[in-house]
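Structure first, then comments.
Order of listing sets the numbers, starting from 1, for every ligand and every atom in it. On a predicted model such as this, the values are computed, not experimentally measured, just so you know.
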Amino acid sequence: MTRESKSSAIDVFLEETRVFGPPEAFRQVANVRDENVYARARANPEAFWAEFASELEWVKKWDRVLEWNPPNAKWFVNGQINVSSNCVDRWAKTEARNRAAIIWEGEQGEERTLTYWDLYREVNRFASVLKKLGVCKGDRVAIYLPMIPEAAVAMLACARIGAIHSVVFGGFSAESLKSRIEDAQAKLLITADGGYRRGEVIPLKHDADYAVAHTPSIEHVIVVKRIGMPQRMKKGRDLWWHDLMREADARVEPEPMDSEDPLFILYTSGTTGKPKGIVHSTGGYLTGVYATTKWVFDLKPGDVYWCTADVGWITGHSYVVYGPLANGATILMYEGAPDWPERDRFWRLIEKYGVTIFYTAPTAIRAFMKWGIEWPKRCNLSSLRLLGSVGEPINPEAWMWYHTHIGGGKCPIVDTWWQTETGMILITPLPGLTKTKPGSVTKPFPGIEACLLNERGEQVERGGGYLAITKPWPAMLRGIYGDPERFQIQYWSMWKNIYFPGDGAKLDGDGDFWMLGRVDDVLNVAGHRIGTMEVESALVDHAMVAESAVVSRPHEIKGEALVAFVTLKEGNKSSESLARQLKDHVTQKIGAIARPDDIIFSVELPKTRSGKIMRRLLKDIAQGKVLGDTTTLADPEVVSRLKQQYEGKGE
Ligand code: WTA
């Protein structure tokens with residue numbers, strides 16, 4: 001066990017000693033090479049952020065950088081800016097106009113490339129369509145589309161005229177779409193006749209029809225023809241995208257937006273609770289995502305940048321659309337699944353388009369581990385120079401796998417911690433500077449102040465505690481749509497004037513952060529508070545294990561007993577003796593205190609549609625409770641199968 005401060009709120013067990021400095025060839029040409037950026041930003045954070053903001057094009061410069069009345073921040077006060085002109089016009093006006101902005105591939109293999117000039121034309125024309133339909137500044141527009149370029153065009157067109165978009169992930173149900181439209185009182189919905197996923201058609205328009213039948217605020221539905229199946233178009237309400245675009249004007253002046261005007265609402269349900277409409281601003285948000293994209297991904301002209309997130313998530317907003325385009329990057333966008341038609345689709349895409357920067361989620365990496373290295377081995381991945389991870393803690397073995405089998409041992413990995421609420425990456429390596437460690441998110445981005453606190457608000461210098469963000473940052477959420485009280489209680493009531501993200505973390509002797517999972521999931525065994533991440537990582541460390549989720553059930557002596565759900569790499573068989581081996585492995589890695597009482601082998605784990613493991617449901621199973629709400633699951637069947645399996649064990 002590592003040495004800990006007395007104030008620790010969570011115990012820590014796992015020690016990881018491997019360290020990987022930036023490869024020399026990478027470091028020499030990296031965008032950030034100077035260690036002093038941290039000290040400089042700390043000495044004057046407002047000047048630091050203002051420098052990035054000055055690299056954007058403002059209609060009117062701000063008077064003050066920051067006005068902070070906790071929990072309400074205003075950034076670049078009285079400044080005026082338009083996000084679409086920064087992401088599109090700015091490049092379309094220069095010699096970059098013929099550079100590819102979006103390289104798109106459909107699941108069926110179709111290809112489309114939009115240069116910055118193409119994007120400029122499309123965004124202007126669609127902005128004119130919206131205007132002609134009476135959409136005004138401040139109106140809410142719902143977007144329910146597959147991963148097609150029109151999704152980015154629609155977002156940027158809203159930004160151009162000052163309409164607030166609310167993107168709803170295309171995999172969400174009609175019911176989820178309905179409640180999100182209702183909450184935001186959206187005036188217009190943009191959808192498609194369908195999208196492809198694993199060769200099947202997702203009937204978006206069909207689901208949209210259900211939602212719109214119950215949401216009188218919607219005046220029009222614009223439908224992109226993606227599939228080409230006949231659709232029932234309601235007269236006066238439903239309009240085809242391509243028909244409207246034929247009549248569109250070539251140019252719409254970008255609306256000068258106040259820096260604090262909302263840019264979008266994005267609903268997050270996290271792994272628990274009713275969806276919250278997280279509101280993001282214009283000037284601060286753009287500055288934050290612009291800065292982090294430039295520094296964390298070391299973007300350079302010539303890069304082909306691929307973030308695999310769907311535009312329905314914050315990662316898709318900040319690091320598919322706004323951050324990269326504000327940097328004039330070339331992005332790859334792929335519509336479908338990683339295992340369609342085969343399990344090497346991602347690697348084929350990297351080879352085909354010469355992807356240089358690849359940003360994905362641990363859930364995907366663990367699936368690749370489960371499928372085996374023969375898939376990436378078939379492809380030439382040598383164009384890659386930087387890898388990223390986001391969305392969940394990455395287990396050290398998954399990190400090593402990613403480093404070795406995808407990065408060829410030569411690519412830095414940026415494990416980036418942030419949230420829908422933070423809008424931008426807050427804790428991350430800088431790839432030309434930071435010594436990375438498998439499983440550590442390392443240090444706060446320059447200008448970000450984060451630390452660990454316990455319940456009493458005392459600082460934990462070393463060991464485990466609750467992550468706290470102690471200073472405002474430009475892309476921070478500006479509230480929960482229509483619910484200021486919940487905003488205050490959810491994020492600002494744990495300590496005074498300090499943001500509480502709800503995650504546990506530990507600090508090591510070098511001051512590096514290691515995320516331990518959501519604090520709601522912390523396990524309590526014989527008086528020890530153990531983060532789920534450490535036990536899971538000890539299991540994933542075993543050569544046969546691809547993924548694991550650890551929860552607890554009540555135990556008469558220890559308080560709680562640990563139940564580990566385990567997915568094996570393909571080609572391995574579960575058995576009583578393997579279960580014993582795995583328990584021993586955990587004992588040996590982190591100690592008897594964390595030895596699981598039960599090991600449940602499972603082909604799959606229940607996950608949210610964005611790929612996060614739903615431990616809450618596994619806990620219900622382990623505690624023999626009636627199952628909670630399963631509607632946010634990607635595959636609700638997984639849970640009932642596991643429940644049967646667990647009960648069949650006769651525990
Ligand atoms: C988790 C995704 C560990 C964390 C951008 C956070 C992470 C939640 C990491 C936000 C990471 C995200 N390491 N945990 N690198 N990145 N998380 O809103 O629990 O979908 O609070 O935003 O994901 O998820 P969200």
*Dump the intermediate steps for salt bridge (charged side-chain N to carboxylate O under 4.0 Å, His left out) on Glu392 and Lys607, then the final yes or no.*
CA-CA 12 Å; Glu392 282 183 300; Lys607 296 195 179 157; over 6 Å; no

*Please report the C-alpha distance between Thr292 and Phe297 in whole Å, then the side-chain angles of each, then the deciding distance to 0.1 Å, and finally whether the side chain to side chain contact (heavy atoms under 4.5 Å, CB included) criterion is met.*
CA-CA 8 Å; Thr292 44; Phe297 298 110; over 6 Å; no

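Checking only distances, Thr416 does come within under 3.5 Å of ligand 1, N or O to N or O. For Met515, no nitrogen or oxygen atom sits less than 3.5 Å from a nitrogen or oxygen atom of ligand 1, counting backbone and side chain alike. The shortest N/O to N/O separation between Asp415 and ligand 1 falls below 3.5 Å.
Pro146 and Glu335 get closest at one heavy-atom pair: CB-OE2, 4.3 Å.
Ranking protein heavy atoms by distance to atom 11 (C) of ligand 1, first place goes to Glu392 O, 3.5 Å. With respect to atom 10 (C) of ligand 1, the closest heavy atom belonging to the protein is Trp418 O, 3.6 Å. If you check which protein heavy atom lies closest to atom 16 (N) of ligand 1, you get Gly391 N, 3.1 Å. The protein non-hydrogen atom at the shortest distance from atom 3 (C) of ligand 1 is Pro393 N, 3.1 Å. For atom 4 (C) of ligand 1, the nearest protein heavy atom (residue, atom name, distance) is Asp503 OD2, 2.8 Å. Protein heavy atom nearest atom 25 (P) of ligand 1, with residue, atom name and distance: Thr420 OG1, 3.6 Å.
The aromatic rings of Tyr499 and Trp473 sit perpendicular to each other, their planes meeting at more than 60°, with 30° as the lower class boundary.
Judged by the shortest distance from any of its heavy atoms, Ser610 lies outside the 4.0 Å radius around the atoms of ligand 1. The shell of residues lying under 4.0 angstrom from ligand 1, judged by heavy atoms, includes Trp417. Within the structure, ligand 1 has Lys612 among the residues with a heavy atom less than 4.0 angstrom away.
The CG atom of Leu381 sits 5.5 Å away from atom CD1 of Ile350, with the distance rounded to the nearest 0.5 Å.
The atoms of ligand 1 that sit less than 4.0 Å from any heavy atom of Ile314 are 5 (C), 22 (O).
Side chains of Tyr144 and Arg180: no donor on one and acceptor on the other come within 3.5 Å.
Ion pairing of Arg18 with Glu397 is present here, as a side-chain N (NZ or NE/NH1/NH2) and a carboxylate O approach within less than 4.0 Å. A salt bridge links Asp303 with Arg385: the distance from a Lys NZ or Arg NE/NH1/NH2 to an Asp or Glu carboxylate oxygen falls below 4.0 Å.
For residues 432-441, the pairs satisfying salt bridge (Lys or Arg N to Asp or Glu O under 4.0 Å) are Lys437-Asp508, Lys437-Asp510, Lys437-Asp512, with sequence neighbours left out.
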